[in-house]
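Quantities reported herein were computed from a predicted structural model and do not represent experimental measurements. Each chain gets a letter, A, B and so on, in the order its sequence line appears, and its residues count up from 1.
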Amino acid sequence: MIDTKVKIAGVEFKNPVIAASGTFGFGREFLEYFPISKLGGLSTKGLTLREREGNKGVRIHETIGGIMNSIGLQNPGIDAFIVEELPFLNSQDTVIIANVSGNTIEEYVISVEKLNQTEIDMIELNISCPNVKEGGISFGTKAEIASNVVTQVRKVCQKPLIVKLSPSAENIVEMAESCVEAGADALSLVNTFPALAIDISKKKAIFDNITAGLSGPCIKPIALRMVYEVSKAVDVPVIGIGGIMDYRDVIEYIMAGAWAVQVGTANFINPNACAEIIEGIEEYLQKEGISTLEEIRGII
Amino acid sequence: MIDTKVKIAGVEFKNPVIAASGTFGFGREFLEYFPISKLGGLSTKGLTLREREGNKGVRIHETIGGIMNSIGLQNPGIDAFIVEELPFLNSQDTVIIANVSGNTIEEYVISVEKLNQTEIDMIELNISCPNVKEGGISFGTKAEIASNVVTQVRKVCQKPLIVKLSPSAENIVEMAESCVEAGADALSLVNTFPALAIDISKKKAIFDNITAGLSGPCIKPIALRMVYEVSKAVDVPVIGIGGIMDYRDVIEYIMAGAWAVQVGTANFINPNACAEIIEGIEEYLQKEGISTLEEIRGII
Amino acid sequence: MKEGYREVDISSNTEIAKDIFELKVQLESNDSLGDPGQFYMFRSWDFDPLLSRPFSICNIEGNVVTFLYKIVGRGTNYLSKLKPKDKLKVLGPLGNGFNLNVNGKAALISGGIGIPPMIYLAKKLSTEIYFYAGFTNEVYYMDYVQKYVNKIYITTEDGSTGQKGFITDIFRPEKYDVVFTCGPSPMMKKVVEKCENMIPVFVSMESIMACGMGACLGCSIKTKSGMKRVCKEGPVFEGREVFFDD
Amino acid sequence: MKEGYREVDISSNTEIAKDIFELKVQLESNDSLGDPGQFYMFRSWDFDPLLSRPFSICNIEGNVVTFLYKIVGRGTNYLSKLKPKDKLKVLGPLGNGFNLNVNGKAALISGGIGIPPMIYLAKKLSTEIYFYAGFTNEVYYMDYVQKYVNKIYITTEDGSTGQKGFITDIFRPEKYDVVFTCGPSPMMKKVVEKCENMIPVFVSMESIMACGMGACLGCSIKTKSGMKRVCKEGPVFEGREVFFDD
Ligand SMILES: Cc1cc2nc3c(=O)[nH]c(=O)nc-3n(C[C@H](O)[C@H](O)[C@H](O)COP(=O)(O)OP(=O)(O)OC[C@H]3O[C@@H](n4cnc5c(N)ncnc54)[C@H](O)[C@@H]3O)c2cc1C
Ligand SMILES: Cc1cc2nc3c(=O)[nH]c(=O)nc-3n(C[C@H](O)[C@H](O)[C@H](O)COP(=O)(O)OP(=O)(O)OC[C@H]3O[C@@H](n4cnc5c(N)ncnc54)[C@H](O)[C@@H]3O)c2cc1C
Ligand SMILES: Cc1cc2nc3c(=O)[nH]c(=O)nc-3n(C[C@H](O)[C@H](O)[C@H](O)COP(=O)(O)O)c2cc1C
Ligand SMILES: Cc1cc2nc3c(=O)[nH]c(=O)nc-3n(C[C@H](O)[C@H](O)[C@H](O)COP(=O)(O)O)c2cc1C
Ligand code: FES
Ligand code: FES
């Protein structure tokens, strides 16, 4: 009997496949393609305290093996999310994770306080946001700064707390350790890589913000290395993210030490990607005679 | 009249295209395909004080949009290089750069002293090597450590000195600044990204060393962003490296602020890549009515 | 449940003007294959390019859906190499489509490769149709359109067929009850301006798309009633709802 | 100057046994198209997969070069889809090739898809040839080889043709003056062991290749006279010079 269940911070996922934040909306669009209750979990589009229109100009640019995005956290704001999206999400039999972004510690804290009052299953803190009080450098770059925001959020947060790390952390292992010390129940990594593309005919950056975030299969080997390093260093569960296209990629992440994974860009090139990956994992385990993911977790 | 010449640390390159270290051997193999005197320059396979056999096990693994390598600096050693390869290289009308690696500061210093005695045009210090005295962590990760090796090398180095940065530097801009402060005449970036791949049927890492270096078009958007950031921060010339496949990529690097570029993985998928890129740049400039690279350097 | 990407057979893929191809694919579906203004995402490759590419429905006859596309980059270049019996992966129909429930005189205005949805719309509207088509030089598909419309107006930039110039030069809105347009953004902008506040005008917007089905927000545009996804709430919008920037 | 990658026409690409294809390409060159043991790098794609794939020459007739390949992954899967007149990019001939200057009785021993260089070698050697070929189950190309050799020994793992078992089970080195082999590493290891120090034995090594032309050192193997590149100093080596690890 194959059992792909996994328990993270006390929350049980029926399988290790979570739809990644910003790539699955609030689930409605995918429900047209498969029952999203098949998912282990779903991380919402990044939520901010107030509604955001997102960025102007080009928002998506394709690179070899990846895409760059500069959506700019377009979202309805926490309050509207709670009223308009959460009831639907809660009606689906899967773990719902609110992905929370902010530009100041106060924003994070107030957002989390609002979510405390709801039936959301978990909170995922996206610390790859520019910290406006520190000149716009990302909260996720320096361990001290990240530690500070996690500590403040932890104080108020009554939900299991995942901290989502940026690959531009100066030292991903130190970053992971200080987030755990500051109270993270689990870590997810990685967010997109800061990247640049230039339109040589216009002689300008493709994106209005100059840089944008790189995701997709091109980042997988780097992300996998980071997940491996972090998994060895911390004793909270790690959720692997980056470039997962099929079940084989998931198995690599599990073997590198991840408890679960998030699938992002793959959803864009196949709305059934998560469903097919979940089936693929089961078939793989069956074929290999492996009955639980624990047997192979961190095996390399 | 189009002029693609560029002068870096007093050395004139006839065009901005340099063959990247470790991807062009010592030039002989390519001479069968095109006159390598067409190149702006050529950076040799990484040289170490003593001969090295390189790593065991798998040495190359393909990823989506990239390759991982773990060659392990297989090379004949500085002395054999000077006797067996350098005379041939010097007979070619292009800038010859000795790429120097080491596992201790002493190794770097002695290698550079040996090269001082030769007619090599420039030295490129590869600081992405494990520092055996510091438990194997790369010289290129922390600015203080890199600064130290560059300072020691600078003391003895009588050749123009390029320092080649690792993308795993904790903070690429600080790293760049401290290498310049320590005496680098120019910077080249990036080296390969530390990455991981797992063979899920063997349940082991693909490479004996677990991690290996990722290169190729998949890394370009990240490398380009780093080149952009570093070019803005330092006032020595920057040589852009990472994922260049065609002349358009070179133009992006120049527009991001690079003075010249190095072409690596592309040589493997087309031995004429550098020659074709050089032609492509000229045609582009012609078509756009641009007469020198300076006109577009750092234009974004 | 909607089907995800399905592998379909190519019936034909023919160059009908320089760099303009007509592609016919054989779909099987019990559901509707689509309405004018709706589109499909295509991919005939694995991971390079990574994203699929959107193309509007140009016609549907039985189970055969026709598309017209222009070679502009790598994706369309790959498509142009496909031969009959080759496979293509498609997702769709996607997006909203035009309101077919109109009366009176309708002007359909296309610029360049914005023509496919106008062709299918001409076929599907049951009202008086005046078809304005702007081409660069080569003219195509006008014989087909002829059957469904009251009158055709053509411009070419080089004057080789019809009037020389842009289609917006000759379009006079006064006599129409409703206007539909698809083409380059500056052209649609001009059409909307010409209609002033007098006539209902519907535009089919373009935007770079990653997913085509509402998940990425990559295609979002600002409208007078907030941010809208071109792939989901669009591609058809009321012309005065959107902002044309360039 | 050698030519770099050149685009060539495919003459035929036929499945001759399950997952085994015979590919014929039309080359134009004033230089030699290659010798037994030499190989070409192939690519029929842009950046995915990123690397080219090496294949040994199986035969040359006029300007037509024949290859045999087995579908094992993405690259060979793409190759299998190519049709006559499709284009393929090739680089070669590459590597060293076998020494043809031998006398007496030669044993040529192939295992699985290691057979192509043995086939061409059989054609090119002008001495007595004993051809040992091990297959999994389906047997191919033996009619062709027949013409050039004194005797053929076949094994199949399922015993459907020839003897059941591995080719190394039936190979007896004593009667030969020289041995050539190409196949899986454990098989070649066994052949070399069987030859002890008595008979010259030449092996064609495999290694993962990035460049195929000596630049990356990805294919390097340790030999008794130092590190050697399979693509440049090889793929043919003296059997006792190399180390087989498996
Ligand atoms: C709803 C919709 C319907 C369309 N219908 C048609 C049609 O019927 N016929 C037709 O020829 N073209 C149509 N297009 C445009 C078509 O999708 C692009 O020309 C195509 O994606 C270009 O792909 P490429 O790889 O050849 O070019 P690329 O090299 O990728 O890019 C060339 C140009 O196309 C644009 N482009 C690239 N990807 C996309 C994308 N995913 N979405 C939109 N634009 C993109 C780029 O901005 C660039 O300017 C439609 C676009 C949309 C959004
Ligand atoms: C000198 C030489 C001659 C060869 N001649 C033939 C031949 O005549 N017929 C034939 O069928 N096969 C031959 N091969 C093996 C052939 O190159 C591989 O089967 C092919 O590259 C696999 O590509 P793939 O994308 O289908 O498989 P992948 O999915 O890439 O890999 C499948 C397997 O093939 C191996 N492989 C992948 N890439 C390479 C590479 N670049 N070089 C070597 N091995 C690789 C991998 O280790 C893996 O085990 C030869 C290999 C070499 C080195
Ligand atoms: C279009 C897009 C929007 C994203 N939005 C968010 C977001 O709002 N919050 C967040 O934490 N991560 C966001 N991400 C990052 C993804 O959740 C994921 O970490 C990243 O894409 C790497 O995974 P992938 O390679 O599977 O896509 C976004 C990614 C993409 C491509
Ligand atoms: C097979 C291989 C070997 C390399 N060896 C060296 C080396 O010896 N010294 C060095 O500084 N960089 C080495 N590099 C890094 C390249 O010089 C270059 O920095 C990197 O590959 C990124 O460029 P690319 O994406 O164009 O390949 C090597 C890269 C590859 C792929
Ligand atoms: S293309 Fe993804 S939301 Fe429209
Ligand atoms: S394959 Fe690159 S050196 Fe042999």
Side-chain angles (χ1 to χ4, degrees), chain B residues 19-36 45-46 51-76 206 212 214-218 220 243 245-246 264-276, chain D residues 1-7 31 40-54 72-76 78 89-95 185 205-233 243-246:
Chain B
S21 175
T23 68
F24 215 78
F26 299 107
R28 289 186 202 273
E29 292 77 14
F30 290 87
L31 195 59
E32 299 179 16
Y33 294 93
F34 70 94
I36 62 172
K45 174 70 203 161
E51 180 178 2
R52 286 231 217 173
E53 287 189 352
N55 291 334
K56 294 204 178 18
V58 171
R59 287 181 165 207
I60 294 276
H61 176 73
E62 204 176 25
T63 66
I64 293 182
I67 60 173
M68 292 168 64
N69 88 79
S70 176
I71 307 298
L73 290 173
Q74 181 188 333
N75 83 96
I206 296 271
L214 183 68
S215 65
C218 59
K220 195 196 79 178
M245 292 287 121
D246 62 24
T265 304
N267 295 308
F268 301 159
I269 66 177
N270 176 7
N272 288 312
C274 286
E276 289 171 15
Chain D
M1 288 288 125
K2 283 192 192 170
E3 276 181 272
Y5 278 90
R6 38 189 161 161
E7 205 167 68
D31 306 328
Y40 281 78
M41 297 295 284
F42 284 10
R43 51 194 305 125
S44 67
W45 46 81
D46 281 354
F47 296 128
D48 178 42
L50 192 61
L51 298 175
S52 307
R53 300 288 190 260
V72 298
R74 293 184 70 210
T76 45
Y78 282 134
K89 282 191 179 164
V90 303
L91 179 75
L94 299 164
S185 185
M205 300 297 284
E206 263 204 33
S207 185
I208 296 183
M209 292 185 176
C211 70
M213 41 70 76
C216 70
L217 306 188
C219 66
S220 296
I221 56 171
K222 197 166 174 161
T223 72
K224 292 197 179 135
S225 38
M227 299 301 292
K228 302 279 179 192
R229 293 165 298 183
V230 170
C231 71
K232 196 83 186 175
E233 286 83 39
F243 302 93
F244 296 97
D245 43 29
D246 44 350

Asks: Under 4.5 Å heavy-atom distance to chain D, tell me which part of B:T265 shows up: side chain, backbone, both or neither.
Replies: side chain

Asks: Within this structure, what is the CD1-CD1 distance for the pair D:I208 and B:I67, rounded to the nearest 0.5 Å?
Replies: 11.5 Å

Asks: Of the non-hydrogen atoms in B:N272 and D:G4, which two are nearest, and what is the gap between them?
Replies: ND2-CA, 3.4 Å

Asks: How far does CE of D:M213 sit from CG of B:N270, to the nearest 0.5 angstrom?
Replies: 9.5 Å

Asks: Quick one, B:N267 and D:C211 - any side-chain contact, counting heavy atoms below 4.5 Å?
Replies: no

Asks: In terms of heavy-atom proximity below 4.5 Å to chain B, should D:L217 be classed as side chain, backbone, both, or neither?
Replies: both

Asks: D:L94 and B:Y33: which non-hydrogen atoms are nearest, and at how many Å?
Replies: CD2-OH, 3.7 Å

Asks: For the residue pair B:E53 and D:S220, establish whether any side-chain heavy-atom pair is separated by less than 4.5 Å.
Replies: no

Asks: Could you list the residues that satisfy side-chain contact (heavy atoms from CB on, under 4.5 Å) with D:A210, not counting sequence neighbours?
Replies: B:I60, B:F268, D:L51, D:C216

Asks: Using a cut-off of under 4.5 Å for heavy-atom pairs, which of D:A215, D:G226, D:G214, D:C219 has the most such pairs with chain B?
Replies: D:A215

Asks: Which distance, rounded to the nearest 0.5 Å, do you find between the CG of D:L50 and the CE of B:M245?
Replies: 5.5 Å

Asks: May I ask you to name which of B:K45, B:E62, B:E51, B:E29 has the most heavy-atom pairs under 4.5 Å with chain D?
Replies: B:E62

Asks: What part of D:K89 lies closer than 4.5 angstrom to a heavy atom of chain B: side chain, backbone, both or neither?
Replies: neither

Asks: Shortest non-hydrogen contact from D:G218 to B:R59?
Replies: O-CB, 3.5 Å

Asks: Measure B:I269 against the heavy atoms of chain D and call it side chain, backbone, both or neither at under 4.5 Å.
Replies: both

